[in-house]
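One structure below.
Chain letters run A, B, ... following the sequence lines, proteins first, then strands; residues in each count from 1. Model, not experiment: these values are computed from the prediction.
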Amino acid sequence: MSSFDDSDAFEGASLSARAMAARPAPYLDGLNPAQRQAVETLDGPVLMLAGAGTGKTRALTARIAHLLARGQARTNEVLAVTFTNKAAREMKERVGRLMGQTVEGMPWMGTFHSISVKILRRHAELVGLKSNFTILDTDDQIRLMKQIIAAANIDEKRWPARQLAGLIDNWKNRAWGPEQVPSAEASAFNNVGTELYAAYQARLLTLNACDFGDLLLHVVTIFQNHPDVLEQYQRWFRYILVDEYQDTNVAQYLWLRLLAAKHKNICCVGDDDQSIYGWRGAEVGNILRFEKDFPGAQVIRLEQNYRSTEHILAAASGLISANAGRLGKTLWTEAEGGEKVRLIGHWDGEEEARWIGEEAEAIQRGTRGMEPHSLDDQAILVRASHQMRAFEDRFLTIGLPYRVIGGPRFYERLEIRDAMAYFRLAVSPDDDLAFERVVNTPKRGLGEKAQQTIQRQAREDGVSLLEGARYAVTSGQIGGKGGAQLRAFVENIDRWHQAISQRPRPAFSSATDAPSIIPGSDEAWTALEPDDFVDSDDGAVLEDESLVNLGGYSPLNHVRLAETILDEAGYTAMWQNDKTPEAPGRLENLKELVKALESFDNLQGFLEHVSLIMDNDSEDAEEKITIMTLHAAKGLEFPVVFLPGWEDGLFPSQRSMDESGLRGLEEERRLAYVGITRAEELCTISFAGNRRVYGQWQSQLPSRFIDELPAKHVEVLTPPGLYGGGYGAAGMTAGIEDRAARADVYNSPGWKRLQERSQTRPVSQPREARNVVIDLDAVSAFTEGDRVFHQKFGYGFVEGIEGDKLEVAFDKAGTKHVVASFIVSADAADDIPF
DNA sequence: GGTTCCCGCATTTTT
DNA sequence: TGCGGGAACC
């Protein structure tokens, strides 16, 4: 077992074989003492308090490798939980790399939700569902809520469905069923919140569906009401690991505590200082209470930071120390010196964007006294997404390439959701929500009236909308053009469904395929082993059978079936005929969707794991600066980071403070902490004196967080003209209100603070541009044929050397020219903490 | 049944 | 200021 999957390429096969024998635990190499302790303390509850950039993923994956290598647990006895699919995938990859290729995929490594689905499918009956239940996304949820609200005769204007959805989500996060909502909250939503909640849950059961919150809540309910079932899982999961523990909500906490109660081998990794999801139910309290919840817990602190320079770290630490009720950590680094955190004020938001654009280009050219940094290495992190606009506008004007992370996710887009609804109908024709969504998309002449007829018919007969529609057509209730089109629609669904049903399906993927064991029955249940629990996606594989002969479609695999569905539905044509500018993009997205299907064995598996396609970070050839929110940046790092908009009300956000008071403010501060600690080498904080808010000019005060930055780690860059009588032209043309605003700003404590701070150097003069040194040392470390690693492009071989650049053929990203200093030799790659 | 117009509203986001 | 949703209008 080697920690390098490509070791032969640079180490020599015979050597590595010998080395393996001599070093039984290569995954321990290079760990610092704290990390090592975190890896080797296997039994009992452990809280790994891992500060930003301290290599926690490394410790976590090494811990799993250690568990497996020592034979403490088999791969299926380790439960490893993350929040995002991305994190789960990365963990799988890294454990695989540590253990070598021999390790089979770990069936219980995944998100809270995906693991819950797996458990829930087995015991669905225990909460009144069938095991082939569908999972609703937010959109379906809202549509359902609307129906519920309408049915209750409540004015939807005063009581919007969104709000109800949010409320119910919140309750679910706190693990409250309709009956458990405390009376203090009962007045919510026009005094009928809990009634609507109950109605919603009832409706979900009739639809054989559940929402995201239910996935966890149902599992908790099952565990609480069926000790036999719980006991089985407790036995299986000998070791439990949890990533980002500070983000867990009450439901997740209960879920974990129930599962860990037997073996008590639970290792939670997190950082209370990076808890930024309180607004969606995360309880910092979970991590603060850990030692009480799990008596005898060992707390291990990872405090050596491998990411940022001294100044950046000190500035962040100083800031976060203003928060009360922390577990407390002292981050330190061996990296000395570096640039101080830079602070700059601007006249308005546009100037701020202009300045950052120029600065990014300067840094790219290497005229800022540091080694040049590609735009790929630079990021602008904002509090709220509307702040991105100013940057996009500016960058489009000057032609600075940028990429925006976030925004509407791939699978949330209209066309993707429509297509998914078609697929859902093909897989389960009784999916009423999907039916509703696309019955008249593209237009089939089925308006409100026709749809009501279908609904009424379905209700009367107690059948699905599809069956209701079928009857409405045959009985002549819906005739004419619409009727004919509806008939065709129904027939299409029948045919698609048939095409799918005739194909072999993996075991466990639906009720009809479920094993003969009745989940919940003691006897049968105890007979099951963890291994019997096959993943529906990587379990039974169709292999050669993926091409099947079918009447009407032959041969046909699920990818082609998907294309056929969209074509036959007229959906593709709908966008082809659409002349709006976004139509081509939508067709592109559909193509991408179909392409994403290729990596699945069938449509069912795809629908189950649809969320996987959302991170379709296509490797861009062109280098771009990244713009994203602070929330989205958690877990990432960039050599150069810009943090604009540090103004009171914007950051910290007024709304946060209004709604959650001190708690809200502290969470904002943690967000600021997360922002600063994303930076490796250069961090620039900025604010503007004036900003357009909803079209209105507003004068802004510098953020209180700026005050909290320790002065000796901050360098104030003075904006041009600050001393020399205002902002010149800008001030002259800005109009009376703006001049008044400026006066305000000048008199504000913030500006005074700023002026006091800018004691030493008026940095408006760009610092002396040092010569761009071509780092020949970096180049000379490599020769052609070397196996190397790049943080972004992964592994590759050196193909040539040109100046300070290397031509590298990357395994995945293709051949690229990269600055040598961005490259490490592949054997050093594992020492990079992520 | 489809289009257009107007009003209200406006963080952060994963599953 | 700009977007989305609902209502009114064609």
Side-chain angles (χ1 to χ4, degrees), chain A residues 81-88 110-117 120 135-142 146 155-158 160-163 166 169 172-173 210-217 244 247-249 251-252 275-282 349 381-390 393 405-412 414 440 442-451 480-482 608-615 628-635 645 649-660 664 667-668 670-672 674-675 691-698:
Chain A
V81 204
T82 62
F83 273 85
T84 64
N85 288 309
K86 194 173 162 218
T111 63
F112 277 104
H113 294 269
S114 68
I115 290 169
S116 294
V117 171
L120 193 52
I135 302 163
L136 304 191
D137 53 35
T138 324
D139 222 58
D140 293 326
Q141 232 185 95
I142 303 279
K146 276 187 182 157
D155 181 11
E156 225 214 275
K157 275 217 168 122
R158 287 200 19 187
R162 278 196 172 280
Q163 195 186 319
D169 259 357
K172 287 185 177 176
N173 284 339
C210 60
D211 61 27
F212 287 122
D214 284 336
L215 294 177
L216 289 151
L217 199 45
E244 306 282 14
D247 289 339
T248 50
N249 60 35
Q252 286 154 341
S275 164
I276 55 174
Y277 285 109
W279 50 274
R280 64 176 198 212
L381 311 181
V382 297
R383 172 66 246 260
S385 46
H386 62 76
Q387 292 172 259
M388 294 178 179
R389 188 190 216 114
D393 285 352
I405 308 278
R409 315 221 147 259
F410 184 69
Y411 72 94
E412 276 170 8
L414 179 84
N440 201 30
K443 299 279 181 290
R444 296 193 176 89
L446 300 163
E448 182 118 9
K449 229 181 112 209
Q451 293 194 38
K481 263 193 184 163
E608 185 96 317
H609 288 263
V610 59
S611 42
L612 288 177
I613 53 161
M614 77 191 175
D615 22 43
M628 64 176 137
T629 64
L630 287 159
H631 283 93
K634 198 176 96 174
L650 183 59
F651 190 38
S653 130
Q654 193 56 51
R655 193 150 162 186
S656 239
M657 295 187 291
D658 290 347
E659 279 172 13
S660 316
E667 182 155 313
E668 296 286 306
R670 291 193 291 266
L671 203 46
V674 166
R691 199 173 283 280
R692 209 167 13 187
V693 183
Y694 307 137
Q696 301 278 86
W697 280 100
Q698 251 188 351

Taking atom C1' of dT13(B) as reference, at what distance in whole Å does atom CZ of Arg280(A) sit?
-> 5 Å
Could you state the CD1-P distance from Ile405(A) to dT13(B), rounded to the nearest angstrom?
-> 12 Å
Side-chain contact check for Thr138(A): nearest option of dT13(B), dT11(B), dT15(B) is dT15(B)
Interatomic distance, Arg655(A) CZ vs dT13(B) P [rounded to whole Å] | 14 Å
Whether Glu667(A) side chain and Gly278(A) backbone form a donor-acceptor pair below 3.5 Å | yes
Contact interval (first through last nucleotide) of DNA chain C with protein chain A, 4.0 Å heavy-atom = dT1(C) to dG6(C)
Describe the nucleic acid contact of Lys172(A) in one word from base, sugar-phosphate, nothing, applying a heavy-atom distance below 4.0 Å.
-> nothing
Atom pair distance, as rounded to whole Å: NZ in Lys449(A) and P in dG1(B) = 8 Å
How far, in whole Å, is dG6(C) from dT11(B) if one measures between their C1' atoms?
-> 25 Å
Heavy atoms under 4.0 Å, any strand shown: does Glu448(A) hit a base, just sugar-phosphate, or nothing?
-> sugar-phosphate
Starting at atom OH of Tyr694(A), determine the distance to atom C1' of dC7(B), rounded to an integer number of angstrom.
-> 16 Å
Touch class at under 4.0 angstrom, heavy-atom based, for Gly406(A) against every strand present | nothing
C1' gap between dT12(B) and dG5(C), integer Å | 23 Å
Distance in angstrom units between His386(A) NE2 and dA10(B) P, rounded | 12 Å
Identify which one of Gln387(A), Arg383(A), Lys634(A), Met388(A) satisfies the side chain to side chain contact (heavy atoms under 4.5 Å, CB included) criterion when paired with Thr629(A).
-> Met388(A)
Is the distance from OP1 or OP2 of dT12(B) to the nearest side-chain N or O of Ser656(A) less than 4.0 Å?
-> no
Across the strands shown, which category fits Gln141(A) at heavy-atom distances under 4.0 angstrom: base, sugar-phosphate, nothing?
-> nothing
Where the side chain of His631(A) meets the backbone of Ile276(A), is there a donor-acceptor pair that is under 3.5 Å apart?
-> yes
Backbone N/O of Lys443(A) and side chain of Asn440(A): donor-acceptor pair under 3.5 Å | no
Find out whether Leu671(A) and Phe651(A) are in side-chain contact, i.e. whether some heavy atom of one side chain is under 4.5 Å from a heavy atom of the other.
-> yes
Counting any heavy atom closer than 4.0 Å, what does Arg389(A) reach on the DNA or RNA strands: base, sugar-phosphate only, or nothing?
-> sugar-phosphate
How many Å lie between CD on Gln252(A) and C1' on dT13(B), as a whole number?
-> 13 Å
How long is the line joining NZ of Lys86(A) and C1' of dT15(B), in whole Å?
-> 15 Å
Touch check for Phe83(A), heavy atoms < 4.0 angstrom, all strands: base, sugar-phosphate only, or nothing?
-> sugar-phosphate
How is Leu446(A) classified with respect to the nucleic acid when contacts are heavy atoms under 4.0 Å: base, sugar-phosphate, or nothing?
-> sugar-phosphate
Of the listed nucleotides dT15(B), dT13(B), dT11(B), the one nearest the side chain of Ser653(A) = dT11(B)
Classify the side-chain pair Asp137(A)/Gln141(A) by whether it contains a donor and acceptor separated by less than 3.5 Å.
-> no
State, yes or no, whether a side-chain contact exists between Val81(A) and Thr111(A) at a heavy-atom distance under 4.5 Å.
-> no
Within the structure shown, what part of the strands sits under 4.0 Å from Thr629(A) by heavy-atom distance: base, sugar-phosphate, or nothing?
-> sugar-phosphate
Closest to the 5' end of DNA chain B, once Ala450(A) and Arg383(A) are matched to their nearest nucleotides, is Ala450(A)
Sorted by position of nearest nucleotide on DNA chain B, 5' first, the leading residue of Lys443(A) and Gln654(A) is Lys443(A)
If you check every side-chain atom of Trp279(A), which of dT13(B), dT15(B), dT11(B) has the closest atom?
-> dT13(B)
Hey, does Glu244(A) reach any base, or is it just sugar-phosphate, or nothing, if we go heavy atoms under 4.0 Å?
-> nothing
So CG of Asn249(A) and CZ of Arg280(A): to nearest 0.5 Å the spacing works out to 9.5 Å
List for me each residue that meets side-chain hydrogen bond (donor to acceptor under 3.5 Å, both in side chains) alongside Ser385(A), sequence neighbours excluded, and say none if there are none.
-> none
